[in-house]
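Scroll down for the structure; my scribbles are underneath it.
Convention: sequence-line order gives letters A, B, ...; per-chain numbering from 1.
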Protein chains: 2
Amino acid sequence: MTIAILGTGDVGRTLAARLAELGRPVVLGTRDPETTRGRPVNESANMEDWLAAHPGVSLATFAEAAAAAPELVIHAANGASALDVLRAAGSANLAGKVLLDVSNPLDFSAGFPPRLFTDSTESLAERIQAAFPDTRVVKSLNTVTAALMVRPDTLADGAHTIFVSGDDAAAKHLVTELLRELGHSDVLDLGELASARGPELYLPLWLRLYQVFGRAEFGIKVVR
Amino acid sequence: MTIAILGTGDVGRTLAARLAELGRPVVLGTRDPETTRGRPVNESANMEDWLAAHPGVSLATFAEAAAAAPELVIHAANGASALDVLRAAGSANLAGKVLLDVSNPLDFSAGFPPRLFTDSTESLAERIQAAFPDTRVVKSLNTVTAALMVRPDTLADGAHTIFVSGDDAAAKHLVTELLRELGHSDVLDLGELASARGPELYLPLWLRLYQVFGRAEFGIKVVR
């Protein structure tokens, strides 16, 4: 069943490549596919080359991508543009579907490290749910770098915990099944969507750990 | 060498009891020792009884306690009263000393779960440092319940990570030695005091995990 992934940056492409590898057809959504095709993805390749190397992934507009996915849409663009991207996808194309939001409420306008553009009494996930009430928003995967979202078994210290928040139990179940398919063995349901405040507010600690370690390949394991 | 602990709640008493057990004389600081002596600490004992059972711990005013400690003062009162407590201790009694702040910027005025009274661009630890510039503030232990601060080896899943933040390397070293004496095997230096924003902003996730598990005995382990 086709999955739509909105956003063609590192997170979107990493998720798309792995899901396609697992046999799931993926439509990557972007604002302007022609412009995106010519955009470099690394020093030696542009998006056109990347798509040629990933035959299970196609490129379309945000709206076309969302319309093509019968069940699951993943928001993998920057948190700051989340509402714009989802409006471009179109509420009708998102209605009734599960929207997995993996983004973070980060404001890079003042440089690195970014600030949060939310406070502790809200979350980006809740803002998205409020703007798209007919969509079943689930928050997850925002606490790890893209490579660990899809290859969680690569840390020498062992498994890390992935959190799941959402108001719709069936939507959380679908996401949890996907997480297990990706190899996540420690998936922790935090409860309703408002519980996404916790994992989103973890980001400043994540950013500091990234500075301390000099690399993004780390996670946290809840121990008890 | 005598250690002062400001605050006679669960955190202060737990730290005091364990440090005294490890052979460190402790002076517990409170606003009004006579009032505190009559205050219940559980269903069957008041502070007077508790002190009788802990001969290595004495009770004094905030100022007397801080004055009695030549090197290390621990702030273990509520985060919301931190600056009041430290003003009562007196800047002269804190000058040049290491102040280990284990509190959190939690506002319980609207019930449980509490809100943070800081945002992501500051921390309580930095507010304390700004108010007491001659004191060497170190943030640590604020990410776990009191029992795990002093008995970190009691979790079935193994060791959890304790973070340390501070601008003064020697002060962080002293705190790190104390943490190791308490049994912490995974102590992670996050850098300067501003890095305490990360562990303080982790509190909403901690509070949610506490709701999910129904108990406070858990930690997080950084895995990489």
Interface check, chain B: of A:W206, A:F218, A:F213, A:F163, most non-hydrogen pairs under 4.5 Å belong to A:F213

**Message:** Looking only at heavy atoms and a cut-off of under 4.5 Å, which of B:R224, B:R208, B:E200 has the most pairs with chain A?
**Reply:**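 The candidate making the most pairs under 4.5 Å is B:R224.
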
Honestly, the part of B:A159 sitting under 4.5 Å from a heavy atom of chain A is backbone

Whatever's closer than 4.5 Å to a heavy atom in chain A on B:V212 counts as side chain

Quiz item: With a cut-off of 6.0 Å (strictly less than), are more than 12 heavy atoms of other residues, nucleotides or ligands near NE2 of B:H54?
Solution: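 Yes.
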
query = Around atom OH of A:Y210, are there more than 12 heavy atoms of other residues, nucleotides or ligands at under 6.0 Å?
reply = no

| What part of A:L188 gets closer than 4.5 Å to chain B, counting heavy atoms only: side chain, backbone, both or neither? |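 It is the side chain, since no backbone atom gets that close.
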
Practice item. Let me know if A:S195 has heavy atoms under 4.5 Å from chain B in its side chain, its backbone, both or neither. Key: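 For A:S195, the contact with chain B is made by backbone and side chain together.
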
Only one of B:L190, B:L205, B:L201 forms a side-chain contact (heavy atoms from CB on, under 4.5 Å) with A:L205, so which one is it?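 By the side-chain contact (heavy atoms from CB on, under 4.5 Å) criterion, A:L205 pairs with just one of B:L190, B:L205, B:L201: B:L190.
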
Between B:L155 and A:V223, the two heavy atoms sitting closest are CD1-O, 3.7 Å

